[in-house]
Colleague: 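Encoded as structure tokens, here's the structure I'll be asking about.
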Amino acid sequence: APVFSPQRVGNYLCDIYLAPSDIGGWGVYAGRDFDEGEIVEIAPRYVPLKSTEFMHNNALDDFHYGFTFQRDPEETSFGAAIFGMSMFYNHGVGAQRNVVYTSFGFEPDKHMTWGSMMIGFVANRDIRRGEELLSSYGETERWFTDRGLEMAQREEQEIPSQEELTKLEQQQCAKSIAGIGHSTWIDRVVAAQDIYELHVPYIQKEEMLPLQDHPTAVAKEFVQDGSLIEQAPALVVPMATYEVSPLEPMIIAWADLDPSLQEVVQDLREDGVYRMKGIDTETGRLVPDVLEFFEDSAILPAAGNIGLVRKVGPDGDSNCRLGIESAARDIENADIGSSGIILKLYATRDIQPGEELLLNLPDSSSWHTKTTLSQHLALTGQPIPKHLVDTYNPGLDDISLDDEEEPEL
Ligand SMILES: C[S@@+](CC[C@H](N)C(=O)[O-])C[C@H]1O[C@@H](n2cnc3c(N)ncnc32)[C@H](O)[C@@H]1O
């Protein structure tokens, strides 16, 4: 049954979408015109990360966000993995840069946790439909030189015709929504112009949608059996690091892929695509590929909503399945970007607007990492999906007081 009222879901538009970019890999595009000062995106979920090592010794190095603590300058080893599109904006210079990262005036702050409910992007000039959205990785080229990369600077982007854009949007726009996305806030948050000026009203926790309104990810329109719900780039990350982290509930372990998907990955590996960035033990430097055994790797669905889709296992009442492809395959002359693979989510039966998406992969994350994630979400004022709440606060029936074992899930 739909968990979101279809009427509410019907208002969701495809404001922004992911697609290949000639700057490199994939990027984020405007699905409509935006006025200067308008909110372009509010991330459906972000996960604060405390350990710098964790952020720098794997593929997330190119993607995570670091915070500059205004209130607590000594606290530097703090960043976040941000879902939605946030980690996939390419870097733009001068007038090419058209969006600005914002935490709406509040950085995550351990003294004022409710102040950091939203992370997002705002248009810093008028933006036309079809433009690639470019943010800044910092005012210098150092971000690129540090990583041995060359920074591309585009003169002017050629915008496709309206017909071509419609086609592109039909192909690329996600049919899913999740978390505290933009649309959740569209009529609830004060005028975006004010936000951009940083006259930020304090957002009350009571103003958030009730928990059951954003359990995980839901379909925003009717999806026919067999059709594509969403496609988005993903990262290949070291399992050993992630299985003890609050990101574990979002990753897909190699062992959890069914044999047909494992075969796809093995083929991609032969094509040089499934690579795992990591530290070379001899040089101590981050190198593009350290993968020796598939079991040591996991997939981090770093873009879009796929990481937020609830996993119910192969025997559960699922309505979708995963496909894995090379990020380069259908794009002529394209490099594979830093991510390398694209995840595709397909419906395995008709899905109604507002219906929760349920993936047929097992959720093998531990009780401990689920609990840690729930705590991280709670501390940053983000809604906690119901299946995580149940982990955090299992029904009393499930535990007896002298039971020292972790509750069974
Ligand atoms: C945060 S990711 C952005 C998403 C990326 N395009 C992808 O598909 O993985 C950062 C990476 O994008 C690429 N990139 C972003 N902006 C760029 C620019 N202006 N010039 C060259 N490469 C860029 C670089 O490969 C960089 O490591």
Side-chain angles (χ1 to χ4, degrees), residues 15-18 27-49 63-73 75-76 78-127 131-139 143 178-205 207-208 302-304 376-377 379-383:
D15 286 346
I16 56 175
Y17 57 91
L18 292 155
V28 187
Y29 291 82
R32 63 167 172 88
D33 294 344
F34 288 95
D35 294 333
E36 180 181 344
E38 240 189 295
I39 299 176
V40 166
E41 177 185 19
I42 292 176
R45 177 182 296 171
Y46 65 94
V47 179
L49 302 171
F63 292 84
H64 77 269
Y65 280 74
F67 298 118
T68 56
F69 277 77
Q70 287 155 6
R71 282 184 201 81
D72 197 355
E75 176 99 69
T76 50
F78 199 108
I82 314 183
F83 293 83
M85 316 289 175
S86 301
M87 298 202 289
F88 278 78
Y89 291 91
N90 284 320
H91 171 79
V93 186
Q96 288 296 313
R97 176 205 186 171
N98 49 15
V99 294
V100 184
Y101 164 87
T102 176
S103 51
F104 303 94
F106 295 105
E107 284 191 317
D109 179 342
K110 62 179 179 231
H111 303 298
M112 200 188 66
T113 49
W114 283 107
S116 58
M117 287 200 292
M118 301 188 298
I119 278 180
F121 287 82
V122 173
N124 70 330
R125 60 165 170 78
D126 290 351
I127 298 172
E131 269 190 64
E132 179 168 359
L133 300 174
L134 301 173
S135 76
S136 171
Y137 297 176
E139 295 309 326
W143 193 94
I180 41 172
H182 176 197
S183 315
T184 308
W185 292 90
I186 206 159
D187 298 321
R188 326 176 101 248
V189 183
V190 287
Q193 191 68 47
D194 282 350
I195 289 178
Y196 188 54
E197 305 277 337
L198 293 186
H199 304 308
V200 189
Y202 192 78
I203 292 160
Q204 300 297 326
K205 158 178 145 192
E207 287 178 5
M208 293 173 62
H376 280 41
L377 296 178
L379 280 173
T380 47
Q382 299 179 76

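Values below: all heavy atoms of this structure, side chains included; hydrogens, waters and symmetry mates excluded.
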Colleague: Go through the structure and list residues passing side-chain contact (heavy atoms from CB on, under 4.5 Å) with Ala303, not counting sequence neighbours.
Modeller: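 Testing Ala303 for side-chain contact (heavy atoms from CB on, under 4.5 Å), a comparison that skips the adjacent residues, returns Leu18, Phe88, Ala232, Pro233.
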Colleague: Not counting sequence neighbours, list each pair that qualifies as a side-chain hydrogen bond (donor to acceptor under 3.5 Å, both in side chains) and has a residue in residues 80-89.
Modeller: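 Residue pairs passing side-chain hydrogen bond (donor to acceptor under 3.5 Å, both in side chains), neighbours aside: Glu41-Tyr89.
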Colleague: Between Asn98 and Asn124, is any pair of side-chain heavy atoms under 4.5 Å apart?
Modeller: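 Yes, at least one pair of side-chain atoms sits under 4.5 Å.
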Colleague: About how many Å separate CD1 of Ile82 and CZ of Arg45, when rounded to the nearest 0.5 Å?
Modeller: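 Those atoms lie 13.5 Å apart.
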Colleague: Yes or no on side chain to side chain contact (heavy atoms under 4.5 Å, CB included) for His376 and Tyr46, after CA distance, side-chain angles and deciding distance?
Modeller: CA-CA 9 Å; His376 280 41; Tyr46 65 94; over 6 Å; no
Colleague: For a quick test of reading the model, state the closest non-hydrogen atom pair linking Ala30 to Tyr17 and the distance between them.
Modeller: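 Taking every non-hydrogen atom into account, O-CE2, 3.8 Å.
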Colleague: Which residues pass the side chain to side chain donor-acceptor pair (under 3.5 Å) test with Gln96, not counting sequence neighbours?
Modeller: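 Applying side chain to side chain donor-acceptor pair (under 3.5 Å) to Gln96 gives none.
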Colleague: Nearest 0.5 angstrom please: Ile16 CD1 to Tyr29 OH, how far?
Modeller: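 Taking CD1 in Ile16 and OH in Tyr29, the distance rounds to 13.0 Å.
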Colleague: Mind checking whether His91 and Tyr137 have parallel, tilted or perpendicular rings, split at 30° and 60°?
Modeller: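 Correct class here is tilted.
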Colleague: Could you check whether any side-chain N or O of Asp35 sits under 3.5 Å from a backbone N or O of Asp126, counting only pairs where one atom can act as donor and the other as acceptor?
Modeller: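 Looks like no, no N/O pair under 3.5 Å.
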